[in-house]
Amino acid sequence: MQETVSIIGAGIGGLTTALVLKQHGIKVAIFEGADSIKPVGAGIILANNAMQVFKNLGLQDRIERAGNRISYMKITDAQLKNLSTIDLSEYERKYSVHNTAIHRGILQKILADEVGYENIYLSKKLSKIEKTNLFKLTFEDGSTVESKVVIGADGIKSVVRRELFQENTIRDTEQICWRGICDMKLPTHYHNELNEAWGREKRFGFVKISNKKVYWYALANKKNVDIPSEYLFKNFLEFHTDIQKIISSTSKDQIITGNVIDLKRIKTWQNENICLIGDAAHATTPNLGQGACQAIEDAYVLGKLLNEGFSITNAFKAYEQLRRQKAHYIVNRSWIVGKIAHTKNPLAVWIRNFIMRNMPSLLQQNQMDKIFKLN
């Protein structure tokens, strides 16, 4: 009888991995701590590399219809004066997919529908995992499950990693992030672009995700801001009025606040019948918009190896070898970008903006090439 692969976490990485395995005829059981799969949370930008994976999985059209096409990525100063523009049309033609901004909960539901709710076990928050002959999974409700093969897709604070892997250092950037969704009709010129405004020690990004909904995120150095969301407007008074309108149009219950953290590089993502994917293996700061995208790539590489004839457990080791270099490049690059974007000294801000305005397009293209090319 075929073994069932237990996946811990029904986030985007866990669901995409489950779908890949299911399409290869492998039985899956997904254990999720939340009590439902529903459209909650903020937005997400699925970059070209992630959309290539969803194209391979047959979900491109459904996801693109549910979201909004993004053809330009812009970095501006606090007054939305352009510093850098990346035209994504070349990549749209090359890979026949669009960068897509979408509500995270809607994407999660699309994936859950494809995986099948009969394979998802809700209100199953993992509290402990032990390895004897099999893996024993213990959940907070007191129930237990035994499994031969386990994939930890349970995020940066992964219980699977904590219990079975030695390295678990989470790094704090000393930055705070607010994310929200508001009902607002953006001016037409913003419709197919992501804008990220860089100020002094803080920045604000926004993007259309549907006809009248805008997803936005704001980041700042903790030491110099009032963190509660009710003070958010005050924190960004020096930014363009369009940004202030977005903030003032957002209900407090639609704002999520969190620390900006990542995972210090760990040497091992797998061991025989257990494997970590996504943030559990290589959590990154959000500065390149690649957190979920890299989890999606993890799933793609596992599927690619299965296509080549690997068994699921043999695929784990090869997956780690194939994915390590790019995932760590994203983590390191994102950390550096976060520090540059949050420059404090006014002269350093001026120099940063000057360099951004005059950066050779070839350098930007090289970075996009690295990010968008699948392993």
Side-chain angles (χ1 to χ4, degrees), residues 1-37 57 108 111-112 114-168 263 266 268-283 295-296 298-307 309-321 323:
M1 191 173 85
Q2 187 187 57
E3 293 289 345
T4 297
V5 176
S6 296
I7 299 175
I8 310 303
I12 292 167
L15 289 170
T16 305
T17 302
L19 181 56
V20 167
L21 299 185
K22 183 182 175 184
Q23 290 190 355
H24 283 84
I26 297 172
K27 293 180 181 179
V28 295
I30 308 169
F31 298 97
E32 167 58 37
D35 61 6
S36 64
I37 302 291
L57 292 172
Q108 191 177 18
L111 293 171
E114 291 294 320
V115 169
Y117 288 89
E118 69 277 11
N119 300 309
I120 303 172
Y121 299 86
L122 300 170
S123 299
K124 293 294 179 183
K125 186 172 178 60
L126 187 70
S127 61
K128 188 176 183 181
I129 179 170
E130 303 166 90
K131 177 67 168 77
T132 52
N133 187 33
L134 300 173
F135 292 103
K136 182 181 179 182
L137 311 176
T138 302
F139 301 98
E140 287 189 354
D141 64 2
S143 63
T144 62
V145 170
E146 288 191 329
S147 182
K148 183 177 179 181
V149 183
V150 175
I151 295 175
D154 49 343
I156 188 169
K157 297 181 180 178
S158 169
V159 173
V160 177
R161 190 185 68 243
R162 183 192 72 203
E163 297 282 308
L164 297 179
F165 293 80
Q166 292 182 346
E167 299 170 292
N168 284 282
L263 179 66
I266 63 176
T268 304
W269 300 355
Q270 53 75 42
N271 185 12
E272 296 180 349
N273 291 345
I274 189 136
C275 184
L276 302 173
I277 69 159
D279 283 356
H282 47 74
I296 292 163
D298 289 345
Y300 164 79
V301 168
L302 283 174
K304 181 181 176 182
L305 291 165
L306 293 172
N307 279 338
F310 284 76
S311 68
I312 181 63
T313 53
N314 287 338
F316 288 164
K317 187 173 183 179
Y319 141 80
E320 180 186 51
Q321 293 170 345
R323 287 286 297 129

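Since we're looking at a predicted model, the values are computed, not measured.
- Counted by atom type alone, Arg162 and Asn168 present zero donor-acceptor pairs between their side chains at under 3.5 Å.
- Within 6.0 Å of the NZ atom in Lys136, the count of heavy atoms belonging to other residues, nucleotides or ligands does not exceed 12.
- To the nearest 0.5 Å, atom OH of residue Tyr319 and atom CZ of residue Phe310 are 14.5 Å apart.
- Across every non-hydrogen atom of Ala295 and Gly278, the tightest pair is CB-CA, 3.6 Å.
- Residues Leu122 and Ala34 approach most closely at CB-O, 3.5 Å, considering heavy atoms.
- For CG of Asn133, the number of neighbouring non-hydrogen atoms (other residues, nucleotides, ligands) closer than 6.0 Å is 12 at most.
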| message | Before you tell me yes or no, could you show the steps for Val5 and Thr17 under side-chain contact (heavy atoms from CB on, under 4.5 Å), namely the whole-Å CA-CA distance, both residues' side-chain angles and the distance that decides it to 0.1 Å? | response | CA-CA 11 Å; Val5 176; Thr17 302; over 6 Å; no
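- In this structure, the side chains of Thr138 and Thr144 come closer than 4.5 Å at one or more pairs of heavy atoms.
- Taken to the nearest 0.5 Å, the CD atom of Gln108 stands 6.5 Å off from the CD1 atom of Ile12.
- Evaluation of the side chain to side chain donor-acceptor pair (under 3.5 Å) test over residues 269-279, restricted to residues two or more places apart or in two chains, returns Gln270-Glu320.
- Side-chain contact, Lys124 with Ser143: a donor N or O sits under 3.5 Å from an acceptor N or O.
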| Where do Glu130 and Glu163 land on the side-chain contact (heavy atoms from CB on, under 4.5 Å) test, with the steps shown first? | CA-CA 8 Å; Glu130 303 166 90; Glu163 297 282 308; 5.6 Å; no
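- Heavy-atom contacts from other residues, nucleotides or ligands closer than 6.0 Å to NZ of Lys125 number 12 or fewer.
- Phe135 has its side chain within reach of Leu164: a pair of non-hydrogen atoms, C-beta onward, lies under 4.5 Å apart.
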| request: Please lay out, stage by stage, how Leu57 and Glu114 fare under the test side-chain contact (heavy atoms from CB on, under 4.5 Å). | output: CA-CA 10 Å; Leu57 292 172; Glu114 291 294 320; over 6 Å; no
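- Side-chain contact between Glu3 and Ile312 is absent, with no heavy atoms from C-beta onward closer than 4.5 Å.
- Formation of a donor-acceptor pair under 3.5 Å by the Gln166 side chain with backbone atoms of Ile266 is not found in this model.
- Minimum heavy-atom separation, Val160 to Phe165: O-CD1, 3.9 Å.
- Taking a 6.0 Å sphere around CD of Glu118, one finds it holds more than 12 heavy atoms contributed by other residues, nucleotides or ligands.
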| message | Checking Val115 against Ile30 for the side-chain contact (heavy atoms from CB on, under 4.5 Å) test, could you report, in this order, the C-alpha distance in whole Å, the side-chain angles of both residues, the deciding distance, and whether it holds? | response | CA-CA 10 Å; Val115 169; Ile30 308 169; 3.7 Å; yes
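- A distance of 11.5 Å separates CD in Gln23 from CD1 in Ile26, rounded to the nearest 0.5 Å.
- Side-chain contact between Ile7 and Ile277: absent, with no pair of heavy atoms (C-beta onward) separated by less than 4.5 Å.
- Contact detail for Thr16 and Ala299: the closest heavy-atom pair is CG2-CB, 3.7 Å.
- Taking all atoms of both residues into account, the shortest heavy-atom contact from Ile37 to Ala10 is CD1-CB, 4.2 Å.
- A heavy-atom distance below 4.5 Å is not found between the side chains of Ile8 and Ile129.
- Rounded to the nearest 0.5 angstrom, Cys275 SG and Leu302 CG are separated by 6.0 Å.
- In this structure, CD1 on Ile274 lies 8.5 Å from CZ on Phe316, to the nearest 0.5 angstrom.
- Identified under the salt bridge (Lys or Arg N to Asp or Glu O under 4.0 Å) test for residues 143-158, with sequence neighbours left out: none.
- Closest non-hydrogen pair, Thr4 versus Ser147, comes out as O-OG, 3.7 Å.
- The OG atom of Ser127 lies 8.5 Å from the CG atom of Asp141; values are rounded to the nearest 0.5 Å.
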